[in-house]
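First listed ligand is number 1; within each ligand, the first listed atom is number 1. In what follows, every heavy atom counts, from backbone to side chain, and hydrogens, waters and symmetry copies are set aside.
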Amino acid sequence: MRFVDEFRDPELGRVLATEILAAVEPGRHYKFMEVCGGHTHSIYKYGIDDLLPANVELVHGPGCPVCVIPMGRVDDGIALAREPGVTLACFGDMLRVPGADGTLLDAKAQGADVRMVYSPLDALRIAKQEPDREVVFFAIGFETTAPSTALTLRRARAEGVRNFSCFCNHVTIVPPLRALMDSPDLRLDGFLGPGHVATVVGARPFEFIPRSYGRPVVISGFEPVDVLQSVLMILRQLDEGRCEVENQYRRVVPHEGNLKALEVMAEVFALRPHFEWRGLGFISQSGLRLSDDYADLDAERRFPVPGVRVADPKACQCGEVLKGVIKPWECKVFGTACTPERPIGTCMVSSEGACAAYYNYGRFARERELV
Ligand code: SF4
């Protein structure tokens with residue numbers, strides 16, 4: 001197949017759904033986690049879960065970059081934006097993420113110079129156009145977006161742009177997956193592996209899941225046919241007693257990853273000893289900071305950053321959603337006090353967030369009979 005329409009072909013989807021139905025064992029309940037927020041979005045946009053047998057349950061993992069940012073880091077971003085002479089540049093979704101002291105949008109309304117950008121290069125462009133401002137880029141995301149931040153910092157260095165720095169909140173996907181697998185309150189039968197992250201890191205980093213935890217992984221694309229085929233591939237592994245990492249998204253994901261992207265990341269970033277994740281707490285070696293070679297471009301070393309840890313609001317159950325322990329509609333404030341217009345938690349902010357996907361596609365509850 002060559003064109004995106006072919007990956008959205010309803011007839012092919014129905015054929016795969018029939019094969020999935022034939023592959024499940026009646027009476028057995030299967031629970032698969034899709035790690036990427038992009039998968040969650042596709043599943044509800046295209047109604048993929050309605051094509052699955054009732055005993056195949058998809059739960060949503062911690063792969064939405066905005067959702068995992070803890071409140072304390074939002075407050076740190078706001079503090080940076082309020083520094084005299086600073087322009088804080090960030091992606092649109094981050095503007096609406098609540099910290100303890102409001103959002104970046106609130107800070108902007110109160111006079112802070114906060115600007116929405118579509119890429120780190122946009123932030124660098126602002127720095128070059130306005131040399132009297134200190135431009136800080138609020139970097140978020142997994143290994144998918146970290147290379148573009150790294151390349152931008154490399155370019156800032158090469159071009160001698162001195163009024164540009166990065167507030168680094170990049171995270172890595174393997175440590176939270178390991179934490180989830182070690183969690184006693186979660187039983188999973190397999191994973192739809194994160195196709196976007198795997199584009200950069202390849203398939204190899206996920207081999208610990210079958211090796212250490214005995215669960216199959218299928219790196220999956222994002223179109224409906226991709227997701228259905230990936231579910232079928234996991235079921236076939238289980239049926240045949242196999243347990244390995246398979247790559248359904250081979251048209252994009254090379255087994256070894258993108259070596260050039262990995263190389264620039266290794267040059268620009270270093271692992272933090274630990275990093276806080278919303279709802280998951282501190283996870284060892286799960287966050288990136290700027291390497292010592294790039295210390296002069298590190299906003300956390302250039303400006304005072306409070307670094308205060310802030311507890312999530314009591315009503316917020318984003319942690320349970322991010323761990324796949326509850327479905328979004330099971331959160332007490334889903335669709336009432338917490339909506340995309342007035343989010344309480346991060347999972348309602350980004351379109352990749354599970355709560356936003358459920359809300360936007362009208363999934364207020366889902367009950368089906370087991371086959
Ligand atoms: S409904 Fe809101 S508060 Fe509840 S889990 Fe979702 S985003 Fe968090």
Measure the shortest side-chain to side-chain distance between Lys327 and Phe334 over non-hydrogen atoms and say whether it is less than 4.5 angstrom.
no
Proximal ligand 1 atoms for Val333, defined as those under 4.0 Å from one of its heavy atoms
3 (S), 4 (Fe)
Atoms of ligand 1 less than 4.0 Å from Val321 heavy atoms?
5 (S)
If the contact criterion is a heavy-atom separation under 4.0 Å, does Cys316 count as touching ligand 1?
yes
If we number the atoms of ligand 1 from 1 as shown, the ones under 4.0 Å from a heavy atom of Gly345 are 2 (Fe), 3 (S), 7 (S), 8 (Fe)
For atom 2 (Fe) of ligand 1, what is the nearest protein heavy atom, given as residue, atom name and distance?
Cys338 SG, 2.4 Å
Cys318 backbone or side-chain N/O/S under 2.8 Å from atom 8 (Fe) of ligand 1
yes
2.8 Å cut-off met by an N, O or S atom of Cys331 to atom 4 (Fe) of ligand 1
yes
In terms of residue, atom name and distance, what is the protein heavy atom nearest to atom 6 (Fe) of ligand 1?
Cys355 SG, 2.3 Å
Does Leu280 reach the side chain of Val68, with side-chain heavy atoms less than 4.5 Å apart?
no
Can you confirm whether Thr152 sits close enough to Thr149 that some side-chain heavy atom of one is under 4.5 Å from a side-chain heavy atom of the other?
no
Less than 4.5 Å apart, side chain to side chain, heavy atoms only: is that true for Ile69 and Arg278?
no
Could you tell me if the side chain of His60 sits less than 4.5 Å from the side chain of Val321, heavy atoms only?
no
Do we see a donor-acceptor contact under 3.5 Å between the side chains of Thr40 and Glu34?
yes
Decide if the gap between the ring center of His39 and the ring center of Phe222 is smaller than 6.0 angstrom.
yes
Provide the number and element of each atom of ligand 1 under 4.0 Å from a heavy atom of Met348.
7 (S)
